[in-house]
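For clarity, every value in this text was computed on a predicted model and none was experimentally measured. Atoms within each ligand, like the ligands themselves, are counted from 1 in listed order.
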Amino acid sequence: MNISKWLAVPVLAAGLFTPSRTDAQQKNEIVIRANTPVAEVQPTMWGIFFEDINLGADGGIYAELVKNRSFEFNEPMMGWKVRQSTFHEGSVLVLNRKEETPANPRYLRVTRQEAADTLGISNEGFRGMGIKKGLRYDFSMMYRLPAAGVRLRIELVSSGGQVIGSTTLAPAVTPGQEWRRAAVSFNATDSTLKGRLNIWFEGSGVIDMDIVSLFPTDTWKGRPGGMRADMIQMLADMKPGFIRFPGGCIVEGHDLALRYQWKKTLGALEDRQLIVNRWNYEFAHRPTPDYFQTFGLGFYEYFQLAEDIGASPLPILNCGMACQFNTAEVVALDELDPYVQDALDLIEFANGDVNTKWGKVRADLGHPAPFHLKMMGIGNENWGPQYIERLKVFTKAIKEKYPDIRLVNSSGTDPNGDRYEYLNKELRGMHADIIDEHYYRQPEWFLQNARRYDSFPRNASKIFAGEYAAQSDHTVSVKNQNNWQTALSEAAFMTGLERNADVVAMASYAPLFAHVDGWQWTPDLIWVDNLRVNGTPNYYVQKLFSVNKGTNVVPALRNNKTLAGEDSLYASAVIDQAAGELIVKMVNVSATAQTVQLRIEGIKKLSGSATLTVLQSPALEAVNRLGEAAVVRPADKEVAVKGGKVNVDAGPYSFTVFKVRMGETPSGRISGAK
Ligand code: AHR
């Protein structure tokens, strides 16, 4: 890549390039007006976007190790293998009881006819099962015994074929046709990245099995049947202001029948009807035929997760339109009511008193206290007049009943073009609360657009930069890398989001997670395998912004102007009123080191020690690799501030966060403080 071109474009394109001044010292002086707050930073400013894509939920944060546990995939035995020494017709059968349990019709009937035979089933997990030595595993299943006498021997097997944990289970006799749950826990004796589960049948008789499950016990907060703690910890570490869920395109569905319906994701697992995940077949070049949504991770769990990590919940609901890249099916306007009712009921589910219908459902699930839902998205990437027509119906109904709920509206798939222009005009005409903008663009775009929001109307609809990621190749290219160049360009762009915090209320990178053996879309913020997590350079950029969010934007000026690409530098600054800190973010996208003098105005006697957190790499193509120490990761050092001045070395290709404790401002407090 021609680096000089990469660097020159944003400056020229932004039309802001001013010929360099001769006085190098003055040129590289950035004045921070620490006692002049110009905008509030919303607590929601930096958040996370979660979607079940790239094995994000099933096979990802949802810690279930058994794939196709209820035999409901299109191929009922996908993920399973029958192991038998002698073939007996009908010894393993998939039965269907659709009339009785339409949400979970299939189950497995195993008949052990000859005591001398070996008969078992094994499950391959999601690209294998990650097993940890010494950890306890919970096996469970629904079962009944049409003819008692069968015992189970349960084994964990390593990728090399060794048994690394086993136990037995003698299911209690079930009267009549009643289904029961049986469970047993046992320890693994070794670790493996790609293990499997064997279930051997001993004795003789007939057993029916369903929801065959295996969970590790080291889940997030130790919740049985919970989430992968290492993945959730990565999110908690970001201290996100919000979490958007459940997507993304899976909200819309390939057609309306396959849209995401939150009410079907609550309660007993056997009542949560599985559907195919649209990322199963969306990309012919990345087919994932074993990708389904079990909804073991449902809306109750999402709300609980939001609460756990201190993030404001942002559910996105289907607006009566299926994915416009797929069928583009829309529900007739006179049949939109159930969709609108889902939105109203969700607010009651999240916030309602326990005496309300849906508040009681929440309480019965174990959470009598409200989830404090304050905002909701109507539609994901929907566009056109058909979206506006439906959105108006939703907006009227929701605002009438819940005027305080802020609604997030879609501006389509791109940050410009006809679709965007149409929606932007319509939404602003409707005085939309928050407009969701998406940009999957090359790094150059991010540099060129660091001033995108400088000219947006101030006292109007707020912006949610709801999905963005710099693409090292191009959107949906399998060659996209989470390299330092993409992360650095995002950092530069994010200084523009921060500087415009009076317009931009929220922002989130997308997608969030990807499994190295099961992804459909790249780049992604966090890569995982069955046992490990890997924060990309982009992750560290997001985290540094988020944990250094501050409460108010203050001016960061060079030559009396904001800095967004001039001489390849980008800067923004915030104060944190609660912590009493001043935080300056600086990005140098050039190959040349630049010494920047920060002159901090408005804080009395500012001298002492400050922290510099630096993220940098001399190589724009640098990536962090799973299982290896991150090559692009933050490093802290101390610098001395004297009389409000400090020299900061902004190294080549660097993102630097400067943080200092503030003393008193001339007025005794930071002006504008509440
Ligand atoms: O983040 C991946 C996909 O990109 C999302 O599902 C969709 O909203 C966008 O097109």
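- With ligand atoms numbered from 1 in the order given, ligand 1 contributes 5 (C), 6 (O), 8 (O) to contacts under 4.0 Å with heavy atoms of G248.
- Partners of K194 under the salt bridge (Lys or Arg N to Asp or Glu O under 4.0 Å) rule, at least two apart in sequence or in another chain, are D517.
- Contact atoms of ligand 1 toward E51: 5 (C), 6 (O) (distance under 4.0 Å to a heavy atom of the residue).
- Taking the six-membered ring where the residue is Trp, the centroids of F215 and W220 are separated by 6.0 Å or more.
- Geometrically, R286 engages W519 in a cation-pi contact defined by less than 6.0 Å to the ring centre and at most 45° from the axis.
- In this structure, F371 has its ring center no closer than 6.0 Å to that of Y302.
- Residue W521 approaches ligand 1 through these ligand atoms, each under 4.0 Å from one of its heavy atoms: 2 (C), 3 (C), 4 (O).
- No N or O atom of W279 sits closer than 3.5 Å to an N or O atom of ligand 1.
- Taking distance alone, with nitrogen or oxygen atoms compared against 3.5 Å, C249 approaches ligand 1 more closely than that limit.
- Among protein heavy atoms, atom 1 (O) of ligand 1 sits closest to Y440 OH, 2.7 Å.
- Ion pair R69/D58 not flagged as a salt bridge, since none of the NZ, NE, NH1 or NH2 atoms sits closer than 4.0 Å to an Asp/Glu carboxylate oxygen.
- For P511, the closest heavy-atom approach to ligand 1 falls below 4.0 Å.
- Among protein heavy atoms, atom 8 (O) of ligand 1 sits closest to E467 OE2, 2.7 Å.
- Listed by atom number, the atoms of ligand 1 under 4.0 Å from E381 heavy atoms are 7 (C), 8 (O), 9 (C), 10 (O).
- Aromatic ring centroids of Y439 and F493 lie under 6.0 Å apart.
- Distances shorter than 4.0 angstrom do not occur between any heavy atom of F325 and any atom of ligand 1.
- Taking the six-membered ring for Trp and the full ring otherwise, Y62 and F295 have centroids separated by 6.0 Å or more.
- Close contacts of ligand 1 with N380, meaning ligand atoms under 4.0 Å from a residue heavy atom, involve 7 (C), 8 (O).
- Contact between T413 and ligand 1 is absent, with no heavy atom of the residue lying under 4.0 Å from the ligand.
- Ion pair R441/D414 flagged as a salt bridge, since at least one NZ, NE, NH1 or NH2 atom sits closer than 4.0 Å to an Asp/Glu carboxylate oxygen.
- Salt bridge E307/R362: absent, no basic N to carboxylate O contact under 4.0 Å.
- Under 4.0 angstrom from ligand 1, there are no non-hydrogen atoms of I250.
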